[in-house]
Asker: 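The structure that follows is given in the form of structure tokens.
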There are 2 protein chains.
Amino acid sequence: MKGYEVKSEMLKAMAHPVRLKILSGLIENECYVNEMQDNLNIPQSTVSQHLSILKRQGIIAPRKEGVRTCYKVVDKKAIKMINILDK
Amino acid sequence: MKGYEVKSEMLKAMAHPVRLKILSGLIENECYVNEMQDNLNIPQSTVSQHLSILKRQGIIAPRKEGVRTCYKVVDKKAIKMINILDK
DNA sequence: TCAAAATATTGTAATATATGGATAAATAGA
DNA sequence: TCTATTTATCCATATATTACAATATTTTGA
């Protein structure tokens, strides 16, 4: 059952409307947290927590640039799944 | 944001180890509830509830055969996503 | 009609997830 | 060093999900 748990963790990380929106955006272009915040219109701490869920699963990765952080999607499976959902 | 909610509902329906296992099995062969039960080794009501979550999302569909019910996967996207997870 | 078998539904307690304010940490520039 | 900016973390509360026993429903066959 272990394999199913790992897979379900990945799906769970993606299975939230805000996180799906973040991922869709990040697939188009990598993006800074403050930009996402403006785009999503939800509190900063909420954005940060959603990002940390995606990061913990290895779906996105941060790159520090001075005081800002730029995230991008690094998981190919996540990209493929988003594409399937979009069809 | 509506589209993201719809998509996240589908992912949430799939994002559980038992439901992933059910789906993997059903992709191989359609199957009766009592068979799944034997296979999963969890209470009947629990199996039934997982099936109803997948059914509500239109991922699987039942076919009544006498007193038994045979389920199969009817959502192509779900199949594709499972395949991606399996790679 | 009655009983047995298969499945669904309901009630509820335990657990997990989500939200947002408050606060902390890191960095750059004055 | 002090301040402003950006991001992360912590905490409490609200909401959602999960599990399973108990019960109901449906169907078949005696």
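Since the model is a prediction, treat every value here as computed from it, not as a measurement. We name chains A, B, ... by the order of the sequence lines, and we start the count at 1 in each one. Worth knowing before you read on, the calculation uses all heavy atoms, side chains too, and leaves out hydrogens, waters and symmetry mates.
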Asker: Can you tell me if A:Arg19 uses its side chain to pair, donor with acceptor, with the backbone of A:Ala13 under 3.5 Å?
Answerer: yes
Asker: Protein-nucleotides 19-24 of chain D N/O pairs closer than 3.5 Å?
Answerer:
from, atom 1, to, atom 2, distance (Å)
D:dA19, OP2, B:His16, NE2, 3.2
D:dA19, OP2, B:His50, NE2, 2.9
D:dC20, N4, B:Gln49, OE1, 3.0
D:dC20, N4, B:Gln49, NE2, 2.7
D:dA21, N7, B:Ser45, OG, 3.2
D:dA21, N6, B:Ser45, OG, 3.2

Asker: Name the nucleic acid region contacted by B:Ser48, choosing base, sugar-phosphate or nothing; use a 4.0 angstrom heavy-atom cut-off, strictly under.
Answerer: base
Asker: Around atom NZ of A:Lys77, are there more than 12 heavy atoms from other residues, nucleotides or ligands closer than 6.0 Å?
Answerer: yes
Asker: Of the non-hydrogen atoms in A:Asp75 and A:Gly58, which two are nearest, and what is the gap between them?
Answerer: CB-O, 3.7 Å
Asker: Atom CE in B:Met14, atom CD in B:Glu9: separation rounded to 0.5 Å?
Answerer: 13.5 Å
Asker: Quick test: give all pairs of protein nitrogen or oxygen and nucleotides 25-30 of chain D nitrogen or oxygen below 3.5 Å, distance rounded to 0.1 Å.
Answerer:
none

Asker: Roughly how many Å is it from CG in A:Leu51 to P in D:dT9, rounded to a whole number?
Answerer: 11 Å
Asker: For residues A:Tyr71 and A:Leu26, report the shortest heavy-atom separation together with the two atoms involved.
Answerer: O-CD2, 3.4 Å
Asker: Can you pull the contact range of chain A along DNA chain C, 5' to 3', using atoms under 4.0 angstrom from its heavy atoms?
Answerer: C:dT17 to C:dA28
Asker: Tell me the closest heavy-atom pair linking B:Leu20 and A:Ser8, and the distance in Å.
Answerer: CD1-N, 3.4 Å
Asker: Once you round it to whole Å, what is the distance between P of D:dT17 and CE of B:Met14?
Answerer: 16 Å
Asker: Which pair of non-hydrogen atoms, one from A:Ser24 and one from B:Tyr4, has the smallest distance, and what is that distance?
Answerer: OG-CE2, 3.5 Å
Asker: Expressed as a whole number of angstroms, how long is the span from B:Glu9:CD to D:dA16:P?
Answerer: 10 Å
Asker: Taking all heavy atoms of A:Met36 and all of A:Cys31, pick out the closest pair and write down the distance.
Answerer: CE-O, 3.4 Å
Asker: Would you say A:Leu85 and B:Met81 make side-chain contact, with heavy atoms under 4.5 Å?
Answerer: yes
Asker: Can you tell me how far apart NE2 (A:His16) and CD (B:Glu5) are? Round to the nearest 0.5 Å.
Answerer: 9.0 Å
Asker: Where do B:Ile27 and B:Ile79 come nearest, in terms of heavy atoms and distance?
Answerer: CD1-CA, 4.0 Å
Asker: If you assign A:Ser52 and A:Lys12 each to the DNA chain D nucleotide with the nearest heavy atom, which residue ends up on the more 5' nucleotide?
Answerer: A:Ser52
